[in-house]
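Convention: sequence-line order gives letters A, B, ...; per-chain numbering from 1.
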Number of protein chains: 2
Amino acid sequence: MSITIKDIASTLGISPSTVSRALNGHPDISEKTRKSVKDLAKKMNYQVNQMASGLRTKRSFTIGVLVPKIASHFFSSALSGIQEVAVANNYQVLICQTNESQNQERKYVKSLLSAKVDGFLISLAKGQKTITHIKAIVDNKVPLVFFDRISDSFNVPKIEAEDFKGAHRAVTHLIDTGCRKIVHLAGPDNLTASYNRMQGYKQALKDKNIPIDEKLIIPCDFDPENAKKAIHRLMGQNGDIDGIFTVNDELGVEAILTLKSMNIKVPDQVSVVGFGDFPICRIVEPNLTSIRHNPYQIGLEAAQCLFSQINHKNIDGGSRRVIPSELVVRDSSKTK
Amino acid sequence: MSITIKDIASTLGISPSTVSRALNGHPDISEKTRKSVKDLAKKMNYQVNQMASGLRTKRSFTIGVLVPKIASHFFSSALSGIQEVAVANNYQVLICQTNESQNQERKYVKSLLSAKVDGFLISLAKGQKTITHIKAIVDNKVPLVFFDRISDSFNVPKIEAEDFKGAHRAVTHLIDTGCRKIVHLAGPDNLTASYNRMQGYKQALKDKNIPIDEKLIIPCDFDPENAKKAIHRLMGQNGDIDGIFTVNDELGVEAILTLKSMNIKVPDQVSVVGFGDFPICRIVEPNLTSIRHNPYQIGLEAAQCLFSQINHKNIDGGSRRVIPSELVVRDSSKTK
DNA sequence: CTGAAAGCGCTTACAG
DNA sequence: CTGAAAGCGCTTACAG
């Protein structure tokens with residue numbers, strides 16, 4: 001039904017081989033033939049059948065992307081960056097949302113492997129334990145790049161946000177503006193990003209000779225409800241808490257809203273600093289001080305790294321690229 | 001390199017045909033053969049080559065989705081709904097972001113056609129004039145469903161938010177709570193969704209015998225900056241404006257922030273109602289009254305509609321499904 | 001500069 | 001119940 005190379009060949013009275021070569025810009029073909037083929041292709045609205053050419057060339061011109069959640073500022077921005085690079089390389093992007101489920105992740109990897117994608121861009125679901133499906137990708141020698149949610153168990157390139165340094169910067173800012181008893185509303189610590197932010201928090205305290213109190217580190221699993229409960233509990237028993245550093249901006253916003261509902265003044269009584277610099281920082285009141293990282297850039301560089309593997313086959317093993325971050329001071333923290 | 005049906009056949013000493021049938025659950029195959037094939041396939045970690053089977057069966061098990069922007073609450077939620085249905089149908093989803101550019105949209109359609117997707121789910125870029133690329137889809141007889149950003153120029157199914165009624169509800173609420181001079185910060189009126197919301201606004205005024213003042217309808221093209229400027233200008237010249245209805249929540253939030261920066265009390269002096277019920281409604285202060293529609297549901301139903309075409313081929317032409325909305329009253333509007 | 005032929009990995013009418 | 005053969009639409013060594 002859909003028109004093929006053969007149709008063009010027969011109307012032009014030449015062979016399909018020649019049509020294929022003309023369409024693909026093969027140097028052997030005469031200018032005249034090339035032109036007549038291209039003109040007719042355009043006129044007939046010919047579109048190469050990617051399944052057929054992919055089967056022949058072993059290239060699907062498709063990459064697969066796994067993210068925990070599409071509907072999040074971080075990942076949807078990263079996806080934009082990825083798409084940008086993919087388009088520039090004439091590639092399609094298969095986007096899969098794992099919903100933080102390893103099971104779902106496993107299924108997607110299987111089906112993307114079956115779709116013969118030329119490469120994978122993966123931000124892991126939380127709770128990583130059994131990652132045999134990732135091993136399947138590596139075993140099949142399909143290029144793979146981790147971004148944001150990475151795993152050190154594999155010798156593949158990784159693109160990360162500046163988690164440790166960013167967190168360090170955030171907490172140092174809190175200390176420098178007078179906070180001494182600083183809570184950390186943490187993410188799942190089996191995620192490197194969360195873990196590194198927590199380490200940054202700890203190191204900043206150490207550097208300023210403030211003792212680390214493990215009871216002030218609350219795992220919230222990215223759930224604002226947990227943040228709310230934790231704040232209610234902590235503020236009840238520790239009247240002297242004066243700062244909160246959250247693993248991301250959603251929890252930071254929740255912290256501000258909760259403190260306000262308890263009639264605790266932000267930042268006069270308690271300062272809050274988030275992580276991510278999402279647009280919501282400028283909506284909540286007081287505006288949330290945060291760490292700006294660049295999800296678009298992270299996606300972009302992850303994709304560039306993947307395509308350099310796909311195109312030049314230079315597998316540079318477990319390289320690691322950290323995208324810089326910066327502190328953005330707003331009204332939820334004090335000035336010096 | 002990757003293992004094929006032939007490998008399984010030769011190790012088992014049977015023909016590829018039989019392996020294919022066994023794997024696909026063909027009824028003719030004996031239980032014994034089926035089991036040995038499936039066991040070996042699992043053991044060898046066999047994955048069917050989708051390009052090959054797709055070429056043969058003329059089915060790619062892939063659908064293409066076009067959205068103006070991934071990084072938006074509405075579309076990323078809709079995408080989740082779409083993904084849900086796709087997975088249930090064993091389909092992959094190619095997601096393309098048009099960035100509101102018709103040119104980009106045209107390119108994506110071309111390349112998805114070339115990828116031989118089994119169906120399209122499209123939310124159009126704004127500024128629709130030349131939509132010949134959409135015609136190409138229809139001409140190729142590839143199933144297509146429009147969602148949210150629809151066009152009436154094509155006889156294909158459409159899934160929409162309840163734009164007219166929702167807007168009518170929003171504005172009626174403003175009037176019922178005492179507003180009389182109501183501004184509408186509008187979207188691009190060549191988008192049906194925006195247009196219908198504007199019509200809902202107008203009808204609500206008519207129904208309450210309030211004259212429509214075209215100078216109070218400000219096209220903002222979804223840009224918060226335009227909303228800000230419009231409010232500054234209008235509030236300067238019309239001291240008696242007492243309500244604002246915005247085409248979406250982003251503009252609604254911007255309206256609240258702008259009014260506050262001008263020391264105008266919300267809702268005492270001016271009430272604000274948005275559209276969408278995005279999470280930001282509960283972050284801005286006062287919390288934004290809005291119209292809840294269900295982007296996840298819209299995506300879900302659009303996908304279901306598409307798959308009913310793909311699977312049963314029942315093209316039900318230009319059917320139209322409107323997903324219900326409801327008014328969610330918060331603090332940015334007055335109580336009766 | 002162009003064509004005939006083989007083959008990518010699969011599915012499926014046809015035959016037995 | 002199973003196999004041999006053809007073919008999906010393309011690309012590409014080989015030959016001339």
Side-chain angles (χ1 to χ4, degrees), chain A residues 1-38 40-41 44-62 90 111-118 140 142, chain B residues 1-38 40-41 44-62 90 111-118 140 142:
Chain A
M1 44 186 68
S2 171
I3 104 128
T4 72
I5 229 175
K6 256 180 164 172
D7 300 325
I8 298 183
S10 68
T11 39
L12 246 37
I14 57 177
S15 77
S17 324
T18 304
V19 174
S20 171
R21 290 196 187 95
L23 254 15
N24 292 311
H26 191 99
D28 275 1
I29 303 297
S30 75
E31 189 49 50
K32 186 167 149 288
T33 315
R34 192 200 322 281
K35 186 167 165 18
S36 64
V37 169
K38 288 210 166 177
L40 183 60
M44 297 178 88
N45 203 11
Y46 168 78
Q47 299 293 343
V48 64
N49 183 324
Q50 275 192 189
M51 289 193 285
S53 78
L55 181 59
R56 201 35 247 258
T57 60
K58 310 263 182 202
R59 241 185 135 160
S60 64
F61 282 93
T62 302
N90 278 312
S111 87
L112 291 177
L113 241 19
S114 186
K116 304 292 166 192
V117 294
D118 296 337
N140 275 281
V142 180
Chain B
M1 47 185 69
S2 173
I3 103 129
T4 73
I5 229 176
K6 256 181 165 172
D7 301 324
I8 297 183
S10 67
T11 41
L12 246 37
I14 57 179
S15 78
S17 326
T18 305
V19 174
S20 172
R21 290 196 186 94
L23 254 15
N24 291 313
H26 192 98
D28 274 1
I29 302 298
S30 74
E31 189 49 51
K32 187 168 149 288
T33 314
R34 191 199 323 280
K35 186 167 165 17
S36 63
V37 169
K38 290 211 165 176
L40 184 59
M44 296 177 89
N45 204 13
Y46 169 78
Q47 299 292 343
V48 65
N49 183 324
Q50 275 190 190
M51 289 193 284
S53 77
L55 180 60
R56 203 30 248 262
T57 60
K58 309 260 182 207
R59 244 187 132 158
S60 65
F61 282 93
T62 302
N90 277 312
S111 87
L112 290 177
L113 240 20
S114 186
K116 304 293 166 191
V117 295
D118 296 337
N140 274 280
V142 180

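Every residue meeting the salt bridge (Lys or Arg N to Asp or Glu O under 4.0 Å) condition with A/Lys35, not counting sequence neighbours, appears here in chain and number order: A/Asp39. Residues satisfying the side chain to side chain donor-acceptor pair (under 3.5 Å) test with A/Ser111, not counting sequence neighbours, are B/Gln92. Here A/Lys6 pairs with nothing under the side chain to side chain donor-acceptor pair (under 3.5 Å) rule; sequence neighbours left out. Looking at residues two or more places apart in sequence or on another chain, you find no ring-ring contact (aromatic ring centres under 6.0 Å, His included) involving A/Tyr46. Scored by the side chain to side chain donor-acceptor pair (under 3.5 Å) test, B/Thr33 finds B/Ser30 as partners (sequence neighbours excluded). Scored by the side chain to side chain donor-acceptor pair (under 3.5 Å) test, A/Ser36 finds no partners at all (sequence neighbours excluded). B/Arg56 meets the side-chain contact (heavy atoms from CB on, under 4.5 Å) test with no other residue; sequence neighbours excluded.
When the nucleotides D/dT11, D/dG3, C/dT11 are ranked by their closest atom to the side chain of A/Ile5, D/dT11 comes out on top. Comparing D/dT2, C/dC10, C/dT2 against the side chain of A/Ser30 picks out C/dT2 as the nearest.
Contact annotation for A/Ser53: backbone-only contact, meaning every heavy-atom pair under 4.0 Å involves sugar-phosphate atoms and none involves a base.
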Residues A/Thr62, A/Asp118; criterion side-chain contact (heavy atoms from CB on, under 4.5 Å); working and verdict: CA-CA 6 Å; A/Thr62 302; A/Asp118 296 337; 5.9 Å; no
Show me the protein contacts with nucleotides 13-16 of chain D, counting only N or O atoms at under 3.5 Å.
residue	atom	partner	partner atom	Å
D/dA13	N6	A/Arg21	NH2	2.3

Nucleotide N/O of nucleotides 6-8 of chain C paired with protein N/O under 3.5 Å:
residue	atom	partner	partner atom	Å
C/dG7	N2	A/Arg56	NH1	3.3
C/dC8	O3'	A/Lys58	NZ	2.8

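For the strand DNA chain D, secondary-structure stems (runs of at least three Watson-Crick or G-U pairs, all distances below 3.5 Å) span C:1-3 with D:14-16, C:5-12 with D:5-12, C:14-16 with D:1-3.
Whole-Å rounding puts the A/Leu23 CG to C/dT2 C1' distance at 16 Å. As a whole-Å value, the separation of B/His26 NE2 from C/dC10 C1' is 15 Å. Atom pair B/Lys116:NZ and D/dG9:P shows a separation of 9 Å (rounding to whole Å applied).
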Acceptor/donor pairs from residues 12-21 of chain A side chains to any protein atom, 3.5 angstrom cut, sequence neighbours excluded:
residue	atom	partner	partner atom	Å
A/Ser15	OG	A/Ser17	N	3.4
A/Ser15	OG	A/Thr18	N	3.3
A/Ser15	OG	A/Thr18	OG1	3.1
A/Ser20	OG	A/Asn24	ND2	3.4

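The same atom, C1', is picked in D/dT12 and in D/dG16; the two are 16 Å apart, to the nearest Å.
For the residue pair A/Lys116/B/Ser2, the side-chain donor-acceptor check at 3.5 Å is satisfied.
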